[in-house]
Amino acid sequence: MTKKKKTLLCDDNLRHAEYYNLQESFDNLYARSKSGEVFTDLMSLILSRENILLAYRNIKTNTGSKTAGTDKLKISDIAKLSAEEVVQRVRFIVQGSPHGYRPKPVRRKEIPKPYDPSKMRPLGIPCIWDRLIQQCVKQVLEPICEAKFSENSYGFRPNRSAEHAIASCSQKMMLANLHFVIEFDIKGFFDNVNHSKLIKQIWALGIHDKHLIYVLKKMLTAPIKMIDGNIMIPDKGTPQGGIISPLLANIVLNELDHWIDDQWLENPVGNRYIHRYISNGTPNRGHAYRAMRTTKLKEMYIVRYADDFRIFCRSRDDAKRTKIAVTQWLKERLKLEISEKKTRIVNLKRHYSEFLGFKMKVHPKGNKKVMMSHIADKNLSHKKQALLGQAKRIAHPRPELGEAGEIRIYNSMVLGMQNYYQIATHISCDCNIIFRSIMTVLTNRLRTDNGTRLVKSGRKLTDFEKERYGNTPMWRYVSCSKEPIYPIGKIQHKHPIGKKKSICCYTAEGRAEIHDNLSLNMTLIHSLMQTPQYDKSIEFVDNRISLYSAQMGKCAVTGEIFTHHSDISCHHIIPREKGGTDKYDNLILIKKSVHLLIHAVTDEAISIAKSQLDLNKEQLRKINLLREKAMLAPIS
């Protein structure tokens, strides 16, 4: 019996750091921050060549990178420059100018709020060079901050998600029997962050690099170009839309997380009662909590996702006192106000509480209380309208997409919705409501004089489609394209899984469960990355590394393993002079001798190049395919 090959686990951000030889540096920052060290020279790492190239790689595929700022530039404009030009430009913008770092004006844009189109949400779109600099800073700050962040915050952090937040809520409702929750709403959080307080919090995290503090202050006070063309200098707030804004928001509210934890979870009183540790090294505080419940201490537990947070309490009286205390603390310490209209105490035994698009409560089941959750009403309505709108387009497709294209968009919307909301216990009921409406629209709009174009058979399903939906009677196809319409009503509840405490991006042990290191010649990859390519674009340089990994360190024609970076040639499948680009799909890594043969024109050059290679028929066929793409005659 053959042993099943282990599936390679890969986290994109970790893989990218591995390519650019920065994982060890980030691990070191995390370990030093964990031990309470301070950092006075972070700018040297932030402006290192490797960190700048890594920042480019991490943002180049972001949708936002294709959106222009006030200077009208996009990521595609940076992609045309050489790697050395990009590095020099970033360094000059940050520290080369005699005036110091001065970010360009941020473009203000307003978008409708998803569940209330009558209200607008302001976004700030920095210029692309400033976004690249923000990414450089974020990469270095993140491991330092992660070492200090609370375990109870889940938004915009590596290896944390909304599912983990909902799992934490479920645990508190079902296992800890905490049935009173305070729904907090901070008034205009991102627009009201106090700059002075934020800088002090950054300093308190051990970030004492004064040059970096100066750069962060400039990012916070970057001019904003309003929609009417006027320029405004902000004295508070972090613009939504900036790459570094989510990290800064977590720094601001990290103090709240720890203050809540200190009231109960980490209260020093409990240290008197700790007698043993559980298997994962966490102290067993059960005796401490039982003793603390006989005091006047307020029992409270926070679950936070960005600026949206809930605090769970055991009794209404505790909830009332906690609401007053947290409101006052936010106002005095963080200069933030809560919305009295939207902040409320909910008894989960009687009413639903909404969080992250879900509504949750508990109901009796035997001798215990279990969580019952649905898609929140406004989210269900929004998703239903979006899917109905796309269903109508299937009947009347846009010319550039056609019927099959519109169905694929609809299917991707269904998958996205189901993947996010499947952790709701009653997801099947909610999706069936949408399914009936969708089927009514499709049945009516695809009706013809000869019957209907909505049929029950079509093209063969893929393995993914069979595994996901199986043989359900809900399958429908459109007769012309034979494309299947994914059955939104066919969905099974998935129990939300909490985050494992052992998982961490910045320790070797913590990465083991989510990521496998490449079993390739990493020294050669790093040599490839470090070798300057003055006449090549940064896009070309970055894609070479991806190709080396994808080709498992082997020549795409001969299959031989590369032994030195000087023997690696990156070939344009369609030559640049014939319209080819530096994009990944147009590049391939081959040995230099193979590259010479592909481009050889004269009989003498072909003969010399062939003599250096011992080609079989398959290798010669590959070379001729590449010569054909380059519009050269085949070799016999």
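Since this is a predicted model, take the numbers as computed values, not measurements.
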[X] side chain to [Y] main-chain N or O, any donor-acceptor pair under 3.5 Å?
X: Ser245; Y: Gly241; answer: no
X: Glu183; Y: Glu354; answer: yes
X: Asn192; Y: Gly188; answer: yes
X: Ser353; Y: Met360; answer: no
X: Tyr289; Y: Leu265; answer: yes
X: Gln390; Y: Ala386; answer: no
X: Asp209; Y: Leu42; answer: yes
X: Ser35; Y: Arg32; answer: yes
X: His493; Y: Ala424; answer: yes
X: Gln134; Y: Ile243; answer: yes

Ignoring hydrogens and angles, state whether a donor on the side chain of [X] or [Y] is under 3.5 Å from an acceptor on the partner side chain.
X: Asp262; Y: His258; result: no
X: Asp11; Y: His515; result: no
X: Asn379; Y: Tyr421; result: yes
X: Glu465; Y: Tyr486; result: yes
X: Lys323; Y: Thr327; result: no
X: Ser150; Y: Asp261; result: yes
X: Gln139; Y: Asn51; result: yes
X: Lys236; Y: Asn194; result: no

Return yes when atom CD of Glu110 has more than 12 non-hydrogen atoms of other residues, nucleotides or ligands closer than 6.0 Å, and no otherwise.
yes

For Lys494, I'd like to know if atom NZ has over 12 heavy atoms of other residues, nucleotides or ligands within 6.0 Å.
yes

Could you tell me if the side chain of [Y] sits less than 4.5 Å from the side chain of [X], heavy atoms only?
X: Leu212; Y: Phe39; result: no
X: Ile186; Y: Leu253; result: yes
X: Phe180; Y: Asn347; result: yes
X: Leu356; Y: Tyr420; result: yes
X: Leu14; Y: Ile514; result: yes
X: Phe312; Y: Met173; result: yes
X: Leu220; Y: Pro234; result: no
X: Leu387; Y: Met417; result: yes

Drop me the distance from [X]'s [atom1] to [Y]'s [atom2], to the nearest 0.5 angstrom.
X: Thr343; Y: Glu337; atom1: OG1; atom2: CD; answer: 11.5 Å
X: Ser168; Y: Lys499; atom1: OG; atom2: NZ; answer: 12.0 Å
X: Met474; Y: Ile485; atom1: CE; atom2: CD1; answer: 14.0 Å
X: Lys187; Y: Leu336; atom1: NZ; atom2: CG; answer: 11.5 Å
X: Leu123; Y: Ile111; atom1: CG; atom2: CD1; answer: 4.0 Å
X: Ser428; Y: Asn432; atom1: OG; atom2: CG; answer: 5.0 Å

Work out which heavy atom in [X] is nearest to a heavy atom in [Y]; give both atom names and the distance.
X: Leu178; Y: Leu348; result: O-CD1, 3.9 Å
X: Lys361; Y: Arg350; result: NZ-O, 3.5 Å
X: Asp27; Y: Thr507; result: OD1-N, 4.0 Å
X: Ile133; Y: Met219; result: CG2-CE, 3.8 Å
X: Tyr305; Y: Ser161; result: CE1-C, 3.9 Å
X: Ala165; Y: Phe355; result: CB-CE2, 4.2 Å

Side chain to side chain contact (heavy atoms under 4.5 Å, CB included) for Arg131 and Ile125? Distances and angles first, verdict last.
CA-CA 9 Å; Arg131 272 177 269 175; Ile125 304 172; 3.9 Å; yes

Pair Arg160 + Glu151: basic N to acidic O under 4.0 Å:
yes

Flag the pair Glu18 and Arg15 as a salt bridge only when some basic side-chain nitrogen lies within less than 4.0 angstrom of an acidic carboxylate oxygen.
yes

Among Glu142, Arg511, Glu146, side chain to side chain donor-acceptor pair (under 3.5 Å) partner for Tyr506
Glu142

Determine whether His374 and Tyr352 satisfy the following criterion, side chain to side chain contact (heavy atoms under 4.5 Å, CB included), listing intermediate values before the conclusion.
CA-CA 9 Å; His374 290 266; Tyr352 284 104; 3.5 Å; yes

Evaluate Ile46 against Leu141 for side chain to side chain contact (heavy atoms under 4.5 Å, CB included), listing each step before the verdict.
CA-CA 9 Å; Ile46 288 170; Leu141 284 187; 5.8 Å; no

May I have the step-by-step check of side chain to side chain contact (heavy atoms under 4.5 Å, CB included) for Ile260 and Val326, ending in yes or no?
CA-CA 8 Å; Ile260 297 290; Val326 172; 3.7 Å; yes

Tell me whether the centres of the aromatic rings in Phe184 and Phe309 are closer together than 6.0 Å.
yes

